[in-house]
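To keep things clear, I will list the structure first and then write my remarks on it.
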There are 2 protein chains.
Amino acid sequence: MLTERQLLILKAIVDNYITHAEPVGSRSVSKREDIDYSPATIRNEMSDLEELGFLEKPHSSAGRIPSHKGYRYYVDHLLSPKKLSKNEIIGIQSMFRDRFSEIEQVIQQSAKILSNLTSYTSIVLGPEVFESTLRQIQIVPISSSAAVAIIVTDTGHVENQTVALPENLDVNELEKVVNILNASLKGVPLVKLRDKLTTEISKVLEKYIDQYDEMLSLLNKTFLSQQNEKVFFGGKTNILAQPEFNDVERVRRLFNIFEEDELISRLFRPEDKGLTIKIGQENRFEPFDDCTVVTATYSVEGKNMGTISILGPTRMEYQRVIGILDYLSKDLSKLLTKRYQQ
Amino acid sequence: MLTERQLLILKAIVDNYITHAEPVGSRSVSKREDIDYSPATIRNEMSDLEELGFLEKPHSSAGRIPSHKGYRYYVDHLLSPKKLSKNEIIGIQSMFRDRFSEIEQVIQQSAKILSNLTSYTSIVLGPEVFESTLRQIQIVPISSSAAVAIIVTDTGHVENQTVALPENLDVNELEKVVNILNASLKGVPLVKLRDKLTTEISKVLEKYIDQYDEMLSLLNKTFLSQQNEKVFFGGKTNILAQPEFNDVERVRRLFNIFEEDELISRLFRPEDKGLTIKIGQENRFEPFDDCTVVTATYSVEGKNMGTISILGPTRMEYQRVIGILDYLSKDLSKLLTKRYQQ
DNA sequence: TGTTAGCACTCGGGAGTGTTGAGTGCTAAA
DNA sequence: TTTAGCACTCAACACTCCCGAGTGCTAACA
């Protein structure tokens, strides 16, 4: 168990390193107002803190920097929640001004606000597709042999895919198919569409539709669509301003990761609701070994909708980030609840 | 007018600099097989070429590098078109294997192929929206107060937008509106939708529809959608491998530009058909002052559809890039023509 | 016994210096 | 006209030196 004074010093060092990004020496700690021990005393404590694994030395004659364990302790025990400033609240509120912009736009906007306020990179995952259900399906021919299949979900999300039409298709037949689908699939979760198609629907179609085989393969194609939740970024390049990323090779690796939506949505999907903080190796993903990911979920009526996250260096302004993320996720939940319930 | 020998030397220097990214000295030029003059002779010619503005010296005791004028001359006069290698052709063909994937997927795929083959960054602009016309419009309610408006174009492109519904809306009314729209707007270019709405349609609606005002504002909202052509990237991070981009601040600026679709689509829209090469300041965009942009257009039946471009350093493998871009744009045109005509 | 002053020690980083080698430009000879 | 020869230039690199920020240890002090 750490002593009062050790806590004080640990907090001072982490605070200082977070703002200045440079190893913290005993002298600068002893100069702080809330601390009046001599540098020598501080040094002794620092040495102990290092032994306990909370601090590290980049090299023998430098100051100390927090270890991952140090950050973890700082986050878990030393952080007093901080109210948002007026500006921050105003910034967030402005997002809700345009009341009826598209839901995806709202989410995209959240990502932007988040990155602006924190000056890190934000990642927002849209509503998880596998939770949403079919509202309507539509097949619009665009030529004699191709059509666009459109799926609208209950969350207002639209997916579309170009599919080949069977030759000599009767347009009325197509209409019949669409009607059958809409009658029997409304409210079915997207992930179950293919099941339903092969079990129930195919029988009905067989009965009423001429070009049964072709139709079935067409529909199979339609329901195959990716079904990934959407990934929105805010301030992709913000993180480059951090001295930790002053190396093009690192930037390259990071941005390669950014390109892979699937990887991103796996990495940033949280295990549970609420706010989680993953520091360094806790991410279990080597390229993020000295990054911190803070994730919050947003939800509608207790149903998890998606997540909003911040990606930054382990040397992150935890207090601000947590405050903002917490506030924003709740506000977003409120806003979406309003939307969906109406 | 340059002498035979000067041409030979200029070409040698540009070739060499393109592959090695280092200033070229007289000795290394004289060692080439196709050149047998002594370094001293070469030096004299190089000095002349510098005076003429085709070459530059980074500093007094370094070799020469091509100036923008040098590249321009090289591209215009010294480049022999080169056939694609088998691998390259196979790579491109593989793109067409999945015959009925979405058209946007094909275009996205082109971008990827392009960047893979060239190891630069590729930018592909989708079909220009203002050329496409309305195929069908659909308004799907997702709650009592919100709906998704969906517009399908003749090119198979789908746009959607969430809109607010008037209170106490009669669903039948909505259906009537949609029917009217579909009957009278099919084939109208997207850019003219709003015009048509205020001129012709509004009168019809006024006659048949109860909640006229609310409906009109709803439709206005629907037709307001961005109408930008889509921007696809391939190998965004490829360009970071170029030594020219070994500076995080530069990378930051570049990627900030990448984020702005509108800027990108303005920058990469060509003035005319065919292949254009913009070297350095010819781009008239300061951040691209030492980049080259090679752009080709693809089209269907002579109608310009979009563009495919390569962004790389001025020190670019022009020959390869031109060959690939030329081939790919033609193949893409062919493919799309097939699609649209069916 | 906890705290602090004093001091020797460490080490990264910046400034200064010398050397190397690739390259140039000029001159004079072939 | 071409080329060999030579003096000159300059970036890059290695080397040294020194400074200063910081540490750890010890001994003295409250």
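Reminder, nothing fancy here: chain letters follow the sequence lines and each chain counts from 1. Reckoned from all heavy atoms, side chains included, excluding hydrogens, waters and symmetry mates.
When the side chain to side chain donor-acceptor pair (under 3.5 Å) test is applied to His20(A), the partners found at least two apart in sequence or on another chain are Asn16(A).
Of all nucleotides listed (dC10(D), dG24(D), dT24(C)), dG24(D) comes nearest to the side chain of Arg64(A).
Separating the CD atom of Gln6(B) from the P atom of dT2(D) is a distance of 11 Å, rounded to the nearest angstrom. Ile65(A) places its CD1 atom 15 Å from the C1' atom of dG12(C), with the value rounded to the nearest Å.
The stretch residues 27-56 of chain B touches DNA chain D through Tyr37(B), Ser38(B), Ala40(B), Thr41(B), Arg43(B), Asn44(B), each having a heavy atom within less than 4.0 Å of the strand.
Test Phe232(B), Phe233(B), Phe268(B) against Phe258(B) for ring pair (Phe, Tyr, Trp, His ring centres under 6.0 Å) and you get one pass: Phe233(B).
The aromatic rings of His68(A) and Tyr71(A) sit tilted, their planes meeting at an angle between 30° and 60°. Ring geometry for Tyr73(B) versus His77(B): interplanar angle of 30 to 60°, hence tilted.
Below the 3.5 angstrom threshold, one finds a donor paired with an acceptor across the side chain of Ser61(A) and the base of dT10(C).
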* Using the salt bridge (charged side-chain N to carboxylate O under 4.0 Å, His left out) rule, take Arg72(B) and Glu282(B) through it: C-alpha gap first, then chi angles, then the decisive distance, then the call. => CA-CA 10 Å; Arg72(B) 173 47 67 193; Glu282(B) 294 170 10; 2.5 Å; yes
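Nearest-nucleotide positions on DNA chain D place Pro58(B) closer to the 5' end than the other of Pro58(B) and Lys57(A).
Of the side-chain N and O atoms in Arg5(A), none sit less than 4.0 angstrom from OP1 or OP2 of dG2(C).
Residue-environment remark: CZ (Arg5(A)) exceeds the threshold of 12 foreign heavy atoms within 6.0 Å.
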